[in-house]
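As structure tokens, the structure follows; a few thoughts come after it.
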Amino acid sequence: MSEIIPPRVLKGFRDSLPEHEISRKHIQNVLEHTFELYGFVPIDTPVLEYTEVLLGKGGGDTDKQIYRFKDNGGRDIAMRFDLTVPFARFMAGHGAELYLPFKRYHMGKVFRGENTQRGRYREFVQCDFDIVGIDSAAADFEILLLMARCFENLEAPDVGFHTAHRGVFTRFLAKLGAAEHSVEIMRAVDKRSKIGEHEVRTLLADRIGETAADELLAYIRPQATNEATLAMITELAGGEDNETRRLNTILEWSEKLGLSDRVVLDPSITRGLDYYTGIVYETFLRQLPEIGSVCSGGRYNDLASLYTKQHIPGVGSSIGLDRLMAALEELDKLPPAGAGVDVLVLCMEERLIGRYHEIAEHMRGTGIRAEVYPEAKKLAAQFSYAEKRGIPIGIICGAIEAESSVMNLKNLETRTSDDQLSLAEATQKARLILQRRSHQNYNA
RNA sequence: GUGGAUGUAGUUCAGGGGUAGAGCACCAGAUUGUGGAUCUGGCUGUCGCGGGUUCAAAUCCCGUCAUCCACCCCA
């Protein structure tokens with residue numbers, strides 16, 4: 001009778017199937033574990049905020065493509081488009097209850113009504129980590145170190161952390177007499193890796209003239225080593241100061257901690273966001289740079305000023321989980337989804353299902369994830385079910401075995417069977433196989 | 001948001017006005033307590049959706065939705 005409603009989902013929004021979701025959970029677990037190793041604590045904030053909180057008082061004229069609407073009480077509401085702005089509001093509201101320096105991480109969905117592309121969705125998960133309440137090389141470096149360890153622990157291949165310094169760049173622009181064009185300049189500069197130096201020069205020359213354009217190009221061109229690049233931008237910006245010295249310190253510590261193969265001082269990184277004031281970061285997978293940065297951030301020294309008179313400096317970075325997953329998937333480097341279940345108790349006869357649950361419960365009691373196949377289908381069908389689920393171990397117990405309280409344990413990966421085991425022996429054997437597997441995965 | 005490409009079986013893709021196809025996958029049997037081989041047989045479709053032109057549309061036209069690419073912005 002009734003019309004069927006097409007089960008469609010919105011452009012830029014996606015369902016996540018178990019295989020995908022298991023990978024995501026795995027990635028999130030690795031990240032959470034890493035953050036906690038460095039003393040970061042979790043927080044959460046609402047998905048919806050007052051529009052004025054997200055956009056500032058004059059919120060109407062921004063071109064941010066945000067989801068915005070009126071709720072049933074007539075409130076002007078918007079969905080968060082990142083986790084940094086809500087965090088600023090959070091700090092302004094809760095600063096007195098917290099302590100400084102405060103290090104938090106935050107994973108959550110954010111929403112942007114922009115056009116879609118691969119690795120670019122309207123709903124996506126960001127994973128932010130920030131250190132607030134301190135303005136120093138120590139914090140800037142810790143964020144960089146944590147970025148490196150996150151990608152290391154995710155076993156992501158060939159990652160490059162590109163860093164630059166907004167403050168030094170601003171000083172350089174002032175010296176160049178081009179400070180008032182900084183927004184357009186940064187946009188042009190950001191495209192260097194995409195459209196090439198020649199095109200950037202054309203864009204810049206229109207704005208600030210050919211001489212200045214050439215000097216700008218010189219500034220954003222990375223040298224053979226980070227030291228040489230730093231020396232070059234220091235000179236072009238008018239000499240050493242606290243900011244260039246801090247950059248130098250961060251590079252030295254990076255070298256000391258073994259990151260110098262991945263950390264690149266790259267003055268063409270500017271970051272479009274206007275709240276950055278110090279160091280900025282962008283992270284690229286070197287095998288897939290065109291998908292864009294998978295983890296970016298930087299230092300912002302007056303972010304919470306919209307909401308409080310208190311001065312709260314901070315530095316942080318944000319991993320784009322969905323983009324990262326899209327990239328790893330394309331590189332075939334997504335961590336294996338894993339079984340979710342360790343043991344399948346096969347069903348030989350339905351009257352024995354009580355016995356099967358007894359076996360499964362015993363194994364669960366020792367921490368083994370087990371499930372019972374619920375009907376006496378052909379064994380081949382049960383085996384192929386186990387294979388699809390990636391379940392590594394099967395327990396086979398028919399009438400004859402049940403009679404004498406034994407069972408056969410089959411290693412579904414090697415297809416070898418151990419017969420006539422007691423429940424305790426089978427459990428022990430299963431643990432052994434699982435231990436060996438996880439050990440292998442660890443080394444692989 | 002603007003411009004372009006694409007959309008056919010579970011999947012990868014052919015067919016470009018005249019009865020919708022192939023490989024793989026899947027199901028059944030050979031083989032009723034141990035699945036990766038072989039053979040035999042079989043199933044699978046609102047040709048993204050809606051309209052139009054035509055005797056006739058998967059095919060041509062218009063619209064729409066989605067995906068991908070570029071711009072823009074960024075994770």
Side-chain angles (χ1 to χ4, degrees), chain A residues 3-15 17 62-66 80-84 107-129 147 183-184 186-188 190-191 194-195 199 203 269-274 276 280-285 288 290-298 316-327 330 344 346-349 352 373 376-389 391 393-402 407-419:
Chain A
E3 282 285 304
I4 299 236
I5 300 167
R8 55 192 186 148
V9 297
L10 285 166
K11 178 186 176 76
F13 289 71
R14 305 170 301 159
D15 287 327
L17 272 53
T62 178
D63 58 349
K64 278 224 168 66
Q65 287 159 316
I66 73 162
R80 63 186 181 200
F81 51 84
D82 70 12
L83 298 177
T84 306
M107 288 187 210
K109 286 186 171 177
V110 302
F111 304 85
R112 291 181 198 173
E114 294 173 302
N115 227 339
T116 56
Q117 239 174 71
R118 179 185 50 163
R120 185 171 177 167
Y121 313 102
R122 290 185 169 180
E123 176 191 57
F124 56 99
V125 174
Q126 274 196 334
C127 176
D128 273 38
F129 42 103
M147 285 165 67
V183 174
E184 297 101 299
M186 284 193 284
R187 275 188 195 151
D190 234 10
K191 292 181 195 153
K194 209 159 206 176
I195 63 176
E199 292 293 317
L203 283 175
I269 300 291
T270 63
R271 314 271 315 124
L273 297 174
D274 46 7
Y276 290 118
V280 290
Y281 320 97
E282 288 198 358
T283 307
F284 297 97
L285 300 174
L288 199 64
E290 66 272 18
I291 204 158
S293 172
V294 292
C295 174
S296 324
S317 197
S318 178
I319 297 176
L321 266 191
D322 295 272
R323 177 175 290 184
L324 176 61
M325 283 185 73
E330 178 149 339
L344 179 68
L346 281 80
C347 185
M348 308 303 292
E349 290 186 38
L352 293 174
Y373 198 86
K377 266 201 172 170
K378 297 179 42 164
L379 278 185
Q382 299 191 40
F383 281 129
S384 86
Y385 169 82
E387 184 168 32
K388 264 189 203 123
R389 294 281 308 275
I391 302 173
I393 295 168
I395 295 293
I396 295 158
C397 176
I400 301 164
E401 289 83 1
M407 63 203 67
N408 303 339
L409 180 150
K410 181 156 177 170
N411 184 328
L412 299 176
E413 287 169 340
T414 61
R415 300 196 175 197
T416 54
S417 186
D418 276 292
D419 295 350

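Being a predicted model, the structure only gives us computed values, none of them experimental. Convention: sequence-line order gives letters A, B, ...; per-chain numbering from 1.
- As a whole-Å value, the separation of A:I269 CD1 from B:rA75 P is 12 Å.
- No option in A:N115, A:V110, A:L10 other than A:N115 meets the side chain to side chain contact (heavy atoms under 4.5 Å, CB included) test with A:R122.
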Trace of the side-chain contact (heavy atoms from CB on, under 4.5 Å) decision for A:L203 with A:E184: CA-CA 9 Å; A:L203 283 175; A:E184 297 101 299; over 6 Å; no

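- A:R187 contributes no side-chain N or O that forms a donor-acceptor pair with the base of B:rC72 under 3.5 Å.
- Salt-bridge check for A:R112 with A:D82: failed, with every basic side-chain N at 4.0 Å or more from each acidic carboxylate O.
- Here the shortest heavy-atom pairing between A:L285 and A:A327 reads CD1-CB, 3.4 Å.
- One finds a side-chain N or O of A:Q117 lying less than 4.0 angstrom from the OP1 or OP2 phosphate oxygen of B:rA70.
- Its glycosidic angle being more than 90° from 0, B:rG35 falls on the anti side.
- Where RNA chain B pairs in unbroken runs of 3 or more (Watson-Crick or G-U, both distances under 3.5 Å), the stems are B:1-7 with B:65-71, B:10-13 with B:21-24, B:26-30 with B:38-42, B:48-52 with B:60-64.
- Closest approach of A:L352 and A:C397 over heavy atoms only: CD1-O, 4.0 Å.
- Among the heavy atoms of the strands lying under 4.0 Å from A:G119 is at least one base atom, whether or not backbone atoms are also near.
- When each of B:rG35, B:rU67, B:rG1 is scored by its nearest atom to the side-chain atoms of A:K11, the top-ranked nucleotide is B:rU67.
- When the P atom of B:rG35 is taken as reference, atom CD1 of A:I395 falls 17 Å away, rounded to whole Å.
- Atom C1' of nucleotide B:rC74 and atom CZ of A:F284 are separated by 11 Å, given to the nearest angstrom.
- We find the CZ-CD1 distance between A:F81 and A:I66 to be 6.5 Å, quoted to the nearest 0.5 Å.
- Which of B:rA75, B:rG1, B:rG35 sits closest to the side chain of A:N115 comes down to B:rG1.
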With salt bridge (charged side-chain N to carboxylate O under 4.0 Å, His left out) as the criterion, how do A:K410 and A:D418 come out once you've worked through the C-alpha distance, each side chain's angles and the decisive distance to 0.1 Å? CA-CA 6 Å; A:K410 181 156 177 170; A:D418 276 292; over 6 Å; no

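- Within the 4.0 angstrom heavy-atom criterion, only backbone atoms of the sugar-phosphate kind lie near A:K191; the bases stay farther away.
- For the pair A:M107 CE and B:rA75 P, the interatomic distance rounds to 17 Å; values are reported in whole Å.
- Closest contact between the side chain of A:T116 and the listed nucleotides B:rA66, B:rA75, B:rC68 involves B:rC68.
- Comparing B:rU2, B:rA75, B:rG35 by their nearest atom to the side chain of A:A380 picks out B:rG35.
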Output a table of nitrogen or oxygen pairs between the protein and nucleotides 27-34 of chain B separated by less than 3.5 Å.
unit_1 : atom_1 : unit_2 : atom_2 : d
B:rG33 : O6     : A:E401 : OE1    : 3.4
B:rG33 : N1     : A:E401 : OE1    : 2.7
B:rG33 : N1     : A:E401 : OE2    : 2.9
B:rG33 : N2     : A:E401 : OE2    : 2.5
B:rG33 : N2     : A:N408 : ND2    : 3.2
B:rU34 : O2'    : A:K410 : NZ     : 3.3
B:rU34 : O2     : A:K410 : NZ     : 3.3
B:rU34 : O4     : A:N408 : ND2    : 2.8

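- A:R112 has no side-chain polar atom (N or O) that falls below the 4.0 Å cut-off from OP1 or OP2 of B:rC74.
- Residue A:R8 contributes atom CZ, which lies 13 Å from atom P of B:rG50 at whole-angstrom precision.
- Using a 4.0 Å heavy-atom criterion, one finds that A:C295 contacts the sugar-phosphate atoms exclusively.
- For the pair A:A326 and A:Y121, the tightest heavy-atom approach, listed with the atom from each and the gap, is CB-OH, 3.7 Å.
- Counting all heavy atoms, side chain and backbone alike, A:S318 lies closest to A:D128 at OG-OD1, 2.6 Å.
- Residue A:I319 is classed as having no contact, given no heavy-atom separation below 4.0 Å to the nucleic acid.
- Rounded to a whole Å, the CG atom of A:D322 is 13 Å from the P atom of B:rA75.
- Side-chain contact between A:L409 and A:I393: present, with at least one pair of heavy atoms (C-beta onward) separated by less than 4.5 Å.
- Nearer to the 5' terminus of RNA chain B, by closest-nucleotide assignment, is the contact made by A:R415 (compared with the other of A:R415 and A:G12).
- When heavy atoms are screened at a 4.0 angstrom cut-off, A:G297 is found touching no nucleic acid atom at all.
- Rounded to whole Å, atom P of B:rA75 lies 10 Å from atom CG of A:D190.
- The phosphate of B:rC69 (OP1 or OP2) has a side-chain N or O of A:R118 nearer than 4.0 angstrom.
- Judged by distance alone, the side chains of A:N411 and A:T416 never bring a donor and an acceptor atom under 3.5 Å apart.
- As a whole-Å value, the separation of A:E330 CD from B:rU67 C1' is 14 Å.
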